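Values below: all heavy atoms of this structure, side chains included; hydrogens, waters and symmetry mates excluded. Since the model is a prediction, treat every value here as computed from it, not as a measurement. Both ligands and their constituent atoms are indexed starting at 1 by order of listing.
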Amino acid sequence: MGGGYRRTMAKRALITGITGQDGSYLAEFLLGQDYEVVGMIRRSSTLNFERIAHIQDRLTLVAGDLLDEVSMINLLREQRPQEVYNLAAQSFVQTSWGQPVLTGETTALGVTRMLDAIRIVDPEVRFYQASSSEMFGKVQEVPQRETTSFYPRSPYGVAKLYGHWITVNYRESYGLHASSGILFNHESPRRGLEFVTRKVTYAVARIRAGLERTLALGNLDAQRDWGYAPDYVRAMWLMLSQDQPGDYVVATGETHSVRDLCQLAFACAGLEYRDHVVVDERFIRPAEVDLLVGDASKAVATLGWQREIDFPGLVAAMVESDIKLVEHQQR
Ligand code: NAP
Ligand code: GDD
């Protein structure tokens, strides 16, 4: 931990949520662009650096929490980043029904705390907010674009909608260079095990190894626009590289059901999903987002953003990675 302000030619970026999936890929990407990368880490009783262990010696990790504004003011004063990427959140939709107030405090009000800290310490800082396609919820238009009306369907979606609008509001109220990336689902071998893609690919690897027989899931008919996380963190940086801040949808433009995901992932290991997948009511949500599919035309035209990996490539890479992981765990 630690590391004070140094005047150098390199740009300095602060990432909240650096221990998460996106934070780890964004840190790698920014290091590759010769940034100095500062990561905000919240206090926990055990270290949680699995996703950033391979780059940890190139990062400055500093204590702070989205629930505590003073920690962010002090962090900004000490580190003086030019760019702040706010990726930290209670990000699991299912948990947001069980912990709606915590989700609101972190995922919604945490954004205001960071924006206020920026306004107080250095309003020249460029800010990225990790907004979400969950804000479209019960979709009002297909495909969803920047102008589509929002209709969130979970406490998480409601909290993200607050985070989005407070970002727009601080841009309009105080002239901050604050951008909101409305990112559709993006996955990777570093995805948390509770999210459906990783839950499926890890189960495939364990079933293949003879360690499990069944996989219990919820709604198999839900459809998502799934992309590859490293492609999406590039879009975040592109947003902050523009002269003007803005709001951008980032998506593949394709949608697949959870059933399609299962079929594809099990087939990667020579298995038939119908032999293993069972539906369990515990994983059915109180309100569902049935269909997400995004139109990223604005990001493509304005940012020059393109994705590099398609859905079958993503699923195959995740299955392959989990097969190696399970083999390693068995040694
Ligand atoms: P993730 O893997 O769940 O990571 C969340 C990060 O937030 C972790 O580093 C976590 O720290 C940190 N965090 C949670 N509460 C915090 C607090 N109170 N103070 C400081 N840090 C806190 O999420 P992700 O998939 O990388 O997503 C990154 C962001 O993009 C999130 O805001 C998510 O809601 C949003 N988003 C994600 C997707 C997607 O498909 N992945 C799509 C749209 C938007 P610990 O490691 O200590 O728990
Ligand atoms: N997690 C999970 N577990 N989801 C399941 C399961 C299961 O056993 N069975 C079916 N699903 C369905 C969910 O009901 C949902 O419709 C879909 O699979 C995707 O669920 P998740 O992978 O948990 O992701 P999410 O779409 O709810 O949220 C993710 O994407 C958002 C962007 O749209 C998260 O990364 C959010 O943080 C992000 O904002």
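Comparing heavy-atom distances from atom 2 (C) of ligand 2 across Asp280, Asn219, Val196 singles out Val196 as nearest. The residue from Leu217, Ile284, Val93, Asn185 that puts a heavy atom closest to atom 24 (O) of ligand 2 is Asn185.
Residue-ligand proximity, Arg191 to ligand 2, at heavy-atom distances under 4.0 Å covers atoms 29 (C), 34 (C), 35 (O). Per-residue contacts place Ser132 under 4.0 angstrom from the following atoms of ligand 2 (heavy atoms of the residue considered): 31 (C), 32 (C), 33 (O), 38 (C), 39 (O). Residue Gly218 has at least one heavy-atom neighbour below 4.0 Å for each of these atoms of ligand 2: 6 (C), 8 (O), 9 (N), 10 (C). If you number the atoms of ligand 2 from 1 as listed, the ones under 4.0 Å from a heavy atom of Glu288 come out as 13 (C), 14 (O), 15 (C), 16 (O). Each of the atoms 32 (C), 33 (O) of ligand 2 lies under 4.0 Å from some heavy atom of Ser133. Annotation for ligand 2: atoms under 4.0 Å from non-hydrogen atoms of Tyr156 are 36 (C), 37 (O), 38 (C), 39 (O). Ligand-side atoms of ligand 2 in range of Ala222: 16 (O), range being under 4.0 angstrom from any heavy atom. In summary, the atoms of ligand 2 found under 4.0 Å from a heavy atom of Val258, numbered by their order in the structure, are 12 (C), 18 (O).
In summary, the side chains of His256 and Glu254 do present a donor paired with an acceptor at a separation below 3.5 Å, with no hydrogens or angles considered. In this structure, a donor-acceptor pair under 3.5 Å is absent between the side chains of Asp221 and Ser257.
In this structure, Arg307 does not pair ionically with Asp231, as no charged nitrogen and carboxylate oxygen lie closer than 4.0 Å. A salt bridge links Glu288 to Arg224: at least one charged side-chain nitrogen sits closer than 4.0 Å to a carboxylate oxygen. For Lys199 and Glu187, the salt-bridge test fails: no basic side-chain N is under 4.0 Å from an acidic carboxylate O. A salt bridge is absent between Glu124 and Arg80; no separation between the charged side-chain nitrogens and carboxylate oxygens falls under 4.0 Å.
The protein atom (non-hydrogen) at minimum distance from atom 37 (O) of ligand 2 is Ser91 O, 2.6 Å. Summary of contacts: the protein heavy atom closest to atom 15 (C) of ligand 2 is Arg224 NH2, 3.4 Å. Here the protein heavy atom with the shortest distance to atom 7 (C) of ligand 2 is Lys199 NZ, 3.8 Å. At the top of the distance list for atom 1 (N) of ligand 2, counting protein heavy atoms only, stands Glu194 O, 2.9 Å. Here the heavy atom of the protein found nearest to atom 27 (O) of ligand 2 is Arg285 NH1, 2.6 Å.
You'll find the ring centres of Tyr232 and Trp237 outside the 6.0 Å limit. Taking the six-membered ring for Trp, Tyr156 and Phe92 have ring centres at least 6.0 Å apart.
Each of Glu36, Gln79, Met72, Met40 was scored for a side-chain contact (heavy atoms from CB on, under 4.5 Å) with Leu14, with one residue passing: Met40. Gln90 pairs with exactly one of Thr107, Thr106, Thr95, Thr103 by the side chain to side chain donor-acceptor pair (under 3.5 Å) rule, that one being Thr103.
Ligand 2 is never approached by Gln94 to a heavy-atom distance shorter than 4.0 Å. Proximity of Arg259 to ligand 2 is not established, as no heavy-atom distance is less than 4.0 Å.
With sequence neighbours excluded, the residues forming a side-chain contact (heavy atoms from CB on, under 4.5 Å) with Asp116 are Glu69, Thr112, Arg119, Tyr170, listed by chain and number.
Using a 4.0 Å cut-off between heavy atoms, Phe283 contacts ligand 2 through its side chain alone, with no backbone atom that close. Residue contacts with ligand 2, taken as heavy atom pairs separated by less than 4.0 Å, do not involve Leu220 at all.
Listed here is the closest heavy atom pair of Leu217 and Cys262: CD1-SG, 3.5 Å. Nearest heavy atoms, Ser96 versus Ser154: OG-CB, 4.0 Å.
Sorted by chain and number, the heavy-atom contacts of ligand 1 below 4.0 Å come from Gly17, Thr19, Gly20, Gln21, Asp22, Met40, Arg42, Asn48, Asp65, Leu66, Leu67, Leu87, Ala88, Ala89, Ser91, Thr106, Ala130, Ser131, Ser132, Tyr156, Lys160, Leu183, Phe184, Asn185, His186, Arg191.
Cation-pi geometry between Arg190 and Tyr25 is met: under 6.0 angstrom from the ring centre, within 45 degrees of the axis.
Using a 4.5 Å heavy-atom threshold, the side chains of Thr214 and Val277 count as separate.
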